[in-house]
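In the text below, chain A, chain B and the rest are named by the order of the sequence lines, each starting its count at 1. Not measured: the values here are computed from a predicted model.
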Number of protein chains: 2
Amino acid sequence: MKADQARDRGSLRRTNLGSVLRLLRGGPRSRAQIATETGLPKPTVTSLVGELVGLGLLREGPAQREGAVGRPGTLVQLDGRDICGIGVEISTSYVHVLALNLGGEPVFEHRTEVAVADQDAEDALDLTARAIRACGAALERDGVRPVGITLAVPGVIEAPAGVVDYAPGIGWRDVAVVEGLRSRLGPDTPPIAVENDAKLCALTEYLLVEDPDVHDMVCLTGERGIAAGIISAGRLLRGATNFAGEVGHMPLDPERRPCVCGRAGCWEAMVGLDAIMELAADPDDEVRDQKRPLEDRFRTLHLRAERGDERTSRALARVADDLGLGIALLTDVLNPRVVVLGGYFTHIGDLMLERVREVVRGRVIAPDAGGCQVVLSTLGFTAAARGGAFLALDSVYEDPADVA
Amino acid sequence: MKADQARDRGSLRRTNLGSVLRLLRGGPRSRAQIATETGLPKPTVTSLVGELVGLGLLREGPAQREGAVGRPGTLVQLDGRDICGIGVEISTSYVHVLALNLGGEPVFEHRTEVAVADQDAEDALDLTARAIRACGAALERDGVRPVGITLAVPGVIEAPAGVVDYAPGIGWRDVAVVEGLRSRLGPDTPPIAVENDAKLCALTEYLLVEDPDVHDMVCLTGERGIAAGIISAGRLLRGATNFAGEVGHMPLDPERRPCVCGRAGCWEAMVGLDAIMELAADPDDEVRDQKRPLEDRFRTLHLRAERGDERTSRALARVADDLGLGIALLTDVLNPRVVVLGGYFTHIGDLMLERVREVVRGRVIAPDAGGCQVVLSTLGFTAAARGGAFLALDSVYEDPADVA
DNA sequence: GGCTGTTAGTTCGGATTCTAGTCAAACTAA
DNA sequence: TTAGTTTGACTAGAATCCGAACTAACAGCC
């Protein structure tokens, strides 16, 4: 049978420190507001806030002045200017380094355009290490201390081991990323982790969604491969061995064309980047020129569809149908509140969204699709790196007292 | 952004009381063992155990005697003989009432054979209420106090509202079960809840699995409909509106025959009870005689397959393929450690298991199916009622001090 | 200006709970 | 019998939360 860990006394304080800190991610508020929102008594809040201010994680802001009667409260807000998390996204065409301070504001950002797939994994790690070192130097100059680094990689990750099992988009197989970076960056480097890019996008989407009642989400990142980051009951769903969300090869239709994995009917063979391109244009068409930037190619496609080009419209409709089918399936299984479309869908999804929603409504067994809403991501290409930075900062939110 | 609830002081004690209690579900142990396993100091354990003994939830057992040096410990074990949870499964052909005491031992069990679908929902509730009253009377005679009642219903449940939205197997639609039972049973009845039978089966399977490292499971209950109970990271996955696990109508193959829901390609139209029966036998065959008990019909089928009957073997192979396909899909999404086949699969699954495993191994994208094992349930038809009783007992494990 | 009412935040003491140290008890092995 | 080991209880102490009372800082009104 199952048992869970007992809690010692210190963990109570840690939990409450973290609660206050996490609450303030949603914006500044007064001690009294914190007390009502957390349910903690005011003296406790005073004590917690005092400790967090002492740790340099919070600072007092201006007095709250809203014309209300009574003494105005002094706002307390996240400080953490001298603490940050680093997220590094290794994508097919770029390496993106992003450092966020505790308040979620970027304190460093740099994007290196590079065709990662064209080089050796070792070379890519060299490049990544250089980018991280540059970031570290800039942060040190500004007096900001990184508390962790998380890499976002589009592929199957063994997160506990720090190994990328298989990332076809960048041509990696069995790459010990964490070990490789640690040896390059030296022993003084903060903790390094790797995670699937879709999972990190999901984390970002979840943390930034406004509606406080959303705790179940599915975030799809569509490039050549399709992957999902799943948030369930406010937690990132990882599964037994961190493979959860590998939805690209879900068998949806045995009659369809074969997938790169050798099997038939995989979802990503129906809605992945290659599928939509092949449906929409002939091989020699400019939109299928892999040397052109992806955004430009989709801009062309978008234009064609708006002008009423029939082949483009048919292609979009077909992909929308298949996308809706897979989303309906995921909704049957997971019953999310929101499904977010990221990846290439952000470029062209506006033309498919209505149809996708229609399919989902019609296909999910729960009435009204279980209240599920399909939306487009608004985060752009920074989502994965941002999620990495958030994850790196997580240790601070888990145990604020530990930063010292 | 997201915030979670802060913890007050009392919750620490409650948590630790619950920890000790849950730990002891795994069998008796001495205070010193509890201390090492929970990480709590020995005096704390003494205090916690003392309180739990005072509450009548634990009792001291015999001295531990294992030939080791040193003073032998006195074993402490779950008592809770005078406390129980009641689980009631409302199935197509019976109403099963099961009361389990804290240690998980049955203290009352009664099964009423009845074709629930043939009567009005109100009549079924009358019958259920009578069964519960009989159970309550027997418990009162034995001096056992029920702390909660959970109904297991095969259908789509709005658990928070206590309403069964749709349960085709028993012909229910929009039945306010909790309200209906509470009004019939009177105000002195312990808290009543409803939950999907597959979810409750999953709970039972999870609590009874021996391997302490299994925290991600999918449990399939297959009758005419197919549903899944999903355990992820040790928690029952419910989704945003409690519809998670409604896998019966996942679209798997648009070419297949239509489902009762009107759509094509639903999983349960491929592997549900009707599907296997139609594949295996002609309409006038004895195995398709709905008046015969299900077990007998499957015994016949089993016999035929063993004797090498080709049609039966082909049917089993076909269903095994489709079952494997859906399980592979769920494994891609959820990456469970174990998939448990319940429902009718317990009768005939032994003949399909090897083939199912083969399909899953071949179809899941994660290497070695992400370590996922497909097994048959060994719990028989009591799983759902047992899960209900466990869920009813959960309040005790959550807050042991509250039983008084 | 001064009074009143209202809300914010702090101080203080008490209650609860965990925790470190100590010790008697109960047993095995030599 | 003696030495050694482990268990479980007792006590004192520390950390934390929490309720009540208190001060502080305003707005509105006379």
Separation of atom CG in A:N16 from atom P in D:dC17, rounded to whole Å: 5 Å
Atom-pair distance (CG on A:L40; P on D:dC17), nearest Å: 8 Å
Note, B:T150 side chain near B:I86 side chain (heavy atom, < 4.5 Å): no
A:R145 and A:E140 ion-paired at < 4.0 Å: no
Contacts of type side chain to side chain donor-acceptor pair (under 3.5 Å), residue A:D394, not counting sequence neighbours: none
Heavy-atom side-chain proximity of B:E205 to B:L379 below 4.5 angstrom: yes
Nucleotide C:dT17, atom C1' - distance to CG of B:D8 in whole Å: 12 Å
Atom-to-atom span, CZ of B:R14 to P of D:dT16 - whole angstrom: 19 Å
Test side chain to side chain donor-acceptor pair (under 3.5 Å) applied to A:E179 - qualifying residues, sequence neighbours left out: none
Pair A:N335, B:T241: side-chain N/O donor-acceptor within cut-off below 3.5 Å: yes
Gap between atoms CG and P, on A:L12 and C:dT19 respectively (whole Å): 11 Å
B:R13 vs C:dC18: side-chain N/O to OP1/OP2 distance below 4.0 Å: yes
Between N or O atoms, less than 3.5 Å apart, protein on one side and nucleotides 3-10 of chain D on the other: list the pairs.
unit_1	atom_1	unit_2	atom_2	d
D:dT6	O2	B:R71	N	3.1
D:dT7	O4'	B:R71	O	3.4
D:dT7	O2	B:R71	NE	3.4
D:dT7	O2	B:R71	NH1	2.4
D:dG8	OP1	B:T74	N	2.4
D:dG8	OP1	B:T74	O	3.3
D:dG8	OP1	B:T74	OG1	3.1
D:dG8	OP2	B:R31	N	3.2
D:dG8	OP2	B:A32	N	2.9
D:dG8	N7	B:K42	NZ	2.9
D:dA9	OP2	B:R31	NE	3.3
D:dA9	OP2	B:T46	OG1	3.1

